[in-house]
Amino acid sequence: MATRPVPIQLPIGAEETFSGPVDLIKMKAIFWDDETLGAKFVVDEIPADLRETAQAYREKMVEAAAEHR
């Protein structure tokens, strides 16, 4: 039986514009506070430009979990 990794988070931005991950299990965005180096964060709705991508990855994650035996 082969292992099939699936993402459970997606990044919001990259490098200098990275602001946190999208949690594909809870379908929420987590925005980290730069001043506290991520010690403080805000859980909010997924940004509109990432919603469709997040939903597609969530479906793949759920399918992989359902197929696992």
Side-chain angles (χ1 to χ4, degrees):
M1 178 183 218
T3 301
R4 188 174 128 199
V6 293
I8 59 171
Q9 294 182 335
L10 295 177
I12 302 170
E15 297 178 5
E16 292 84 28
T17 63
F18 180 74
S19 58
V22 171
D23 182 329
L24 297 175
I25 295 171
K26 295 181 179 181
M27 288 301 283
K28 292 289 182 180
I30 303 167
F31 295 99
W32 291 328
D33 178 37
D34 287 337
E35 291 181 17
T36 63
L37 301 175
K40 294 182 181 179
F41 57 90
V42 175
V43 177
D44 203 353
E45 296 302 314
I46 298 171
D49 62 328
L50 287 176
R51 285 187 193 135
E52 190 174 314
T53 302
Q55 187 59 42
Y57 274 96
R58 179 180 168 77
E59 288 173 14
K60 291 177 184 181
M61 178 186 66
V62 170
E63 287 174 13
E67 292 172 359
H68 182 70
R69 298 175 198 219

Result block: side-chain N/O donor-acceptor pairs under 3.5 angstrom for residues 41-52, not counting sequence neighbours:
{"from": "E45", "atom 1": "OE2", "to": "K28", "atom 2": "NZ", "distance (Å)": "2.5"}
{"from": "R51", "atom 1": "NE", "to": "I46", "atom 2": "O", "distance (Å)": "3.0"}
{"from": "R51", "atom 1": "NH2", "to": "I46", "atom 2": "O", "distance (Å)": "3.3"}

Item to check | Distance in Å, K26 NZ paired with Q9 CD, rounded so as to fall on 0.5 Å steps | outcome: 10.5 Å

Item to check | side chain to side chain contact (heavy atoms under 4.5 Å, CB included) partners for T17, two or more places apart | outcome: none

Checklist entry - Going only through I, L, V, M, F, W and Y residues with side-chain contacts under 4.5 Å, is there a path from M61 to V22? => result yes

Checklist entry - Quick one: salt bridge (Lys or Arg N to Asp or Glu O under 4.0 Å) pairs with a partner in residues 13-24, sequence neighbours left out? => result none

Checklist entry - Going only through I, L, V, M, F, W and Y residues with side-chain contacts under 4.5 Å, is there a path from M27 to Y57? => result yes

Item to check | For A64, side chain to side chain contact (heavy atoms under 4.5 Å, CB included) partners two or more places apart | outcome: R4, V6

Item to check | Between OG on residue S19 and CG on residue D33, distance to nearest 0.5 Å | outcome: 11.5 Å

Next on the checklist: I'd like to know if I12 and L10 are part of one continuous hydrophobic network [Ile/Leu/Val/Met/Phe/Trp/Tyr, side-chain heavy atoms within less than 4.5 Å].
Outcome noted: yes

Checklist entry - For residues 6-28, which residue pairs qualify under ring pair (Phe, Tyr, Trp, His ring centres under 6.0 Å), counting only residues two or more places apart or in two chains? => result F18-W32

Checklist entry - How long is the span from the CD atom in Q55 to the CG atom in L24, to the nearest 0.5 Å? => result 9.5 Å

